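The next block holds one structure in the form of structure tokens; read it before the comments.
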Amino acid sequence: MSSANQPVQGMSDIAAPEVHLWQRMEQLARDVMVRYGFEELRTPVVEFEAVFTRSLGETTDVVQKEMYVFEKGGRRLCLRPEGTAGVMRYAAGLGAAETDGARWYYIGPMFRSERPQAGRKRQFHQCGVECLEPPSPLVDAEILALQVDLLRAWGLGDCEVRLNTRGESGGQAQVAEGLRAALAPRAAELCEDCRRRMAANVLRVLDCKNETCRAIVAELPPSTDFMSEASRAYLQQVAEHLDALGVSYRLDPLLVRGLDYYEHTVWEIASTALGAQNAVAGGGRYRMRLGGRELVGTGFAIGLERVVGVLQALGRENALQTPPPKLVWLVGLGDEALRQNLALMQQLRAAGIACRMASGGSMKSQMRAANKSGAAWALIRGDDELAQGVAALKDMVAGTQETLPVDQLATVLAARIAGPAS
RNA sequence: GUGGAUAUAGCUCAACUUGGUAGAGCACCAGAUUGUGGUUCUGGCUGUUGCGGGUUCAAAUCCCGUUAUCCACCCCA
């Protein structure tokens with residue numbers, strides 16, 4: 001294969017039959033989110049760079065090295081690396097009356113310039129929600145319940161939810177300090193990465209994969225010890241609401257979320273069916289300041305490529321496939337029949353019937369094309385049929401054939417498509 | 001950004017170790033007494049061996065570079 005016809009590194013074409021799975025997933029997602037009172041919000045793929053640098057955190061890897069940034073007309077622009085900041089940029093331009101109680105969802109492509117690997121594309125797709133109701137453990141629990149509901153609709157009702165808190169935003173510096181102090185005596189034993197993380201982002205030490213680091217982390221006091229009583233109580237209430245909602249979860253004090261805007265409730269849903277990139281979805285409560293307004297909300301994002309990956313790994317993708325529409329393939333023998341078939345095809349389409357035809361060729365080759373396309377029927381006309389005002393309708397599965405008047409075709413076919421499976 | 005593996009027909013792969021200008025299956029196209037697909041039989045088409053350079057009389061094969069893919073680190077959904 002030549003490099004000229006490949007897509008850009010880390011970006012993929014999604015074609016049939018897999019694209020049918022995507023369409024179905026998106027349809028189910030919209031159905032579920034609408035039931036929870038969410039409206040779709042479509043924000044641009046291109047945003048000002050500052051929208052993300054200010055909200056995700058200047059020091060996060062996403063901002064520092066993964067964004068596609070470019071300059072146009074003297075403005076620093078970028079391709080969105082995630083969905084929340086763009087939604088909040090939109091919200092910041094509204095009045096409080098419009099953002100209070102807002103519930104938005106989005107589905108679309110995101111871009112991060114990372115090295116591609118299993119479950120990690122440079123253009124990937126997320127489905128997420130943002131809820132701007134007044135902060136409450138009840139809202140957090142409801143949003144998590146929505147996410148679990150959505151995964152269940154896709155056939156992933158058995159994923160494990162890990163839940164944790166980052167504490168109120170005012171106390172996060174204390175948490176970092178506390179952890180740093182607790183780690184300090186054993187800093188020399190930590191891996192090279194973790195020694196760097198101690199200064200840059202202590203929380204990341206908690207989910208290091210290195211064995212000796214994990215052993216050290218296991219002996220640390222839980223990070224909630226460094227939080228306020230109110231922060232611990234908030235988490236406790238979220239847990240109680242989740243119990244009431246029937247959502248199962250596991251409290252995991254080592255769960256870390258990467259972006260700076262999170263506060264209080266955070267969660268993540270992973271699947272062992274995936275490789276190293278096993279996080280399927282994540283979410284939490286956040287606070288960010290944009291355009292002079294401070295916005296608080298709860299939201300989540302789901303990586304659609306990863307959901308597809310889990311479904312395929314577990315062999316569940318077929319459960320979401322819907323049967324393709326029944327297709328009628330028009331076969332014409334001779335130029336006049338082809339011409340009249342073209343007009344007939346448009347009449348049938350106008351009646352809601354899916355139709356195709358070949359531009360010519362022998363009857364054999366046209367029938368072969370009909371078969372290859374998976375057409376349910378072949379509709380055959382030659383000079384004899386034209387003269388009599390009829391058409392031969394062949395059932396491609398049963399192999400049976402009958403002759404019908406042309407003016408009855410639309411009603412007969414429509415009835416058979418709607419009726420019981422043939 | 002770092003590391004490992006890989007790159008041959010539309011697809012899955014063989015030939016590479018022991019250099020001698022590529023082959024199979026599937027797919028595709030066409031026929032099997034001139035109006036019927038899917039099965040069968042017969043025949044046919046397909047490649048600047050990812051790209052660039054080097055060694056050699058000769059490179060898919062050996063060497064260097066480069067690009068891409070896969071996997072892992074890192075990070076995240």
Side-chain angles (χ1 to χ4, degrees), chain A residues 1-12 56 59-67 81-84 107-128 147 151 159 191-194 196-197 200-201 203-204 207-210 256-259 262 267-271 274-284 299-310 329 331-334 337 358 361-385 392-401:
Chain A
M1 193 191 302
S2 107
S3 58
N5 49 27
Q6 285 189 342
V8 170
Q9 182 180 35
M11 316 217 172
S12 298
L56 308 195
T59 61
T60 58
D61 278 25
V62 173
V63 164
Q64 280 196 335
K65 44 191 187 191
E66 295 171 7
M67 288 216 295
E82 59 101 59
T84 302
I107 302 176
M110 309 294 165
F111 303 83
R112 293 184 199 175
S113 181
E114 304 172 273
R115 191 79 163 259
Q117 75 183 78
R120 189 165 78 183
K121 294 284 184 188
R122 289 184 167 182
Q123 173 174 338
F124 59 104
H125 298 79
Q126 285 188 339
C127 164
Q147 191 172 29
L151 290 168
C159 285
C191 72
E192 199 181 322
D193 283 332
C194 281
R196 177 180 52 79
R197 289 178 181 127
N201 189 357
L203 290 177
R204 276 287 161 209
D207 66 355
C208 181
K209 291 171 184 171
N210 183 292
V256 177
R257 303 283 302 154
L259 307 177
Y262 286 110
W267 64 82
E268 191 166 299
I269 300 174
S271 170
L274 294 176
Q277 307 299 320
N278 62 357
V280 170
F300 67 68
I302 304 177
L304 297 182
E305 276 83 357
R306 293 190 185 173
V307 170
V308 169
V310 177
W329 193 282
V331 174
L333 304 167
S362 67
M363 179 163 194
K364 199 180 190 72
S365 69
Q366 290 187 52
M367 287 300 290
R368 242 202 298 264
N371 184 64
K372 188 182 164 193
S373 75
W377 296 280
L379 191 59
I380 305 160
R381 291 206 294 178
D383 291 340
D384 294 349
E385 285 81 359
L393 182 66
K394 177 164 187 172
D395 184 313
M396 294 297 281
V397 177
T400 55
Q401 189 167 319

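All chains are named by letter (A, B, ...) in the order of the sequence lines, taking the proteins before the strands, and each is independently numbered beginning at 1. Model, not experiment: these values are computed from the prediction.
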Classify the side chain of A:Asn371 versus the base of B:rG37 as yes if they form a donor-acceptor pair under 3.5 Å and no if they do not. yes
Pairing residues for A:Asp383 by the salt bridge (charged side-chain N to carboxylate O under 4.0 Å, His left out) criterion, not counting sequence neighbours: none
Only counting residues at least two apart or in another chain, list the ones meeting side chain to side chain contact (heavy atoms under 4.5 Å, CB included) with A:Ala301. A:Tyr106, A:Gln126
Only one of A:Arg122, A:Met67, A:Glu82 clears side chain to side chain contact (heavy atoms under 4.5 Å, CB included) with A:Arg112; which? A:Glu82
Rounded to the nearest angstrom, tell me the gap between atom NZ in A:Lys65 and atom P in B:rC75. 7 Å
Would you tell me if any nitrogen or oxygen in the side chain of A:Lys209 comes within less than 4.0 Å of OP1 or OP2 on B:rC73? yes
Donor-acceptor under 3.5 Å (A:Gln123 side chain, A:Ser12 main chain): no
Report the secondary structure of RNA chain B in dot-bracket form, marking unpaired bases with a dot and bases paired to a different strand with |, and treating Watson-Crick or G-U pairs with both distances under 3.5 Å as paired. (((((((..((((......[..)))).(((((.......))))).....(((((..]....))))))))))))....
Nucleotide nearest A:Lys121 when distance is taken to its side chain, options B:rA77, B:rC74, B:rC70: B:rC70
To the nearest angstrom, how far is A:Arg122 atom CZ from B:rC70 atom C1'? 14 Å
Residue A:Arg197, side-chain atoms from C-beta onward, closest of B:rU36, B:rC74, B:rA72: B:rC74
Just jot down the side-chain hydrogen bond (donor to acceptor under 3.5 Å, both in side chains) partners of A:Lys394, sequence neighbours excluded, or say none. none
With a 4.5 Å limit on heavy-atom distance, are the side chains of A:Ile269 and A:Ile302 in contact? no
Atom CD of A:Gln277 and atom P of B:rC70 are separated, to the nearest Å, by 13 Å
Nearest whole angstrom, please: distance from the P of B:rC73 to the CG of A:Asp207. 12 Å
Do A:Trp329 and A:Met396 come close enough that some side-chain heavy atom pair is under 4.5 Å? no
Within the side chain of A:Arg306, is there an N or O that forms a donor-acceptor pair under 3.5 Å with the backbone of A:Ala281? no
Whole-Å distance separating the CE atom of A:Met367 from the P atom of B:rG37: 7 Å
Which part of the nucleic acid, if any, lies within reach of A:Gly128 when heavy atoms closer than 4.0 Å are counted: base, sugar-phosphate only, or nothing? nothing
Tabulated below should be each protein N or O lying under 3.5 Å from an N or O of nucleotides 1-4 of chain B; please produce it.
| unit_1 | atom_1 | unit_2 | atom_2 | d |
| --- | --- | --- | --- | --- |
| B:rU2 | O4 | A:Arg115 | NH1 | 2.9 |

Taken in chain and number order and not counting sequence neighbours, the residues that satisfy side chain to side chain contact (heavy atoms under 4.5 Å, CB included) with A:Val63 are A:Thr53, A:Leu56, A:Thr60
Does the protein touch nucleotides 28-35 of chain B at the base, only the backbone, or not at all? Give it as B, S and - per nucleotide, heavy atoms under 4.0 Å. S-S----B
Could you list the residues that satisfy salt bridge (charged side-chain N to carboxylate O under 4.0 Å, His left out) with A:Arg197, not counting sequence neighbours? none
Test salt bridge (charged side-chain N to carboxylate O under 4.0 Å, His left out) applied to A:Arg120 - qualifying residues, sequence neighbours left out: A:Glu114
Just call it for A:Ala281: base, sugar-phosphate, or nothing, with non-hydrogen atoms closer than 4.0 Å on any strand. sugar-phosphate
Between CG of A:Leu274 and P of B:rC71 the distance, given in whole Å, is 11 Å
Can you check whether A:Gln117 has a side-chain N or O nearer than 4.0 Å to OP1 or OP2 of B:rC70? no
Sorted by chain and residue number, the salt bridge (charged side-chain N to carboxylate O under 4.0 Å, His left out) partners of A:Arg196 (sequence neighbours excluded) come out as A:Asp193
For A:Arg112, report the nucleic acid contact type (base, sugar-phosphate, nothing); a contact means any heavy atom under 4.0 Å. base
Heavy-atom closest pair (A:Ile380 atom, A:Met363 atom, distance to 0.1 Å) is CG2-CE, 3.6 Å
Indicate whether OP1 or OP2 belonging to B:rU69 is found under 4.0 Å from a side-chain N or O atom of A:Gln9. yes
Keeping to residues at least two apart or across chains, list the side chain to side chain donor-acceptor pair (under 3.5 Å) pairs with something in residues 361-371 of chain A. A:Ser362-A:Ser365
What's A:Gly399 touching, base or sugar-phosphate or nothing? Going by heavy atoms closer than 4.0 Å. base
Distance check needed: B:rC73 P versus A:Arg196 CZ, whole Å only. 15 Å
Pick the nucleotide of RNA chain B nearest each of A:Asn201 and A:Pro116; which residue has the one closer to the 5' end? A:Pro116
If you restrict it to nitrogen or oxygen atoms, what contacts under 3.5 Å exist between nucleotides 43-46 of chain B and the protein, and what is each distance?
none

For A:Lys394 and B:rG38, is the shortest distance between a side-chain N/O and OP1 or OP2 below 4.0 Å? no
Nucleotide nearest A:Ala118 when distance is taken to its side chain, options B:rC75, B:rA68, B:rC71: B:rC71
Roughly how many Å is it from CG in A:Leu304 to P in B:rA77, rounded to a whole number? 14 Å
Taking the side chain as C-beta and beyond, is there a heavy-atom pair between A:Met110 and A:Pro81 under 4.5 Å? no
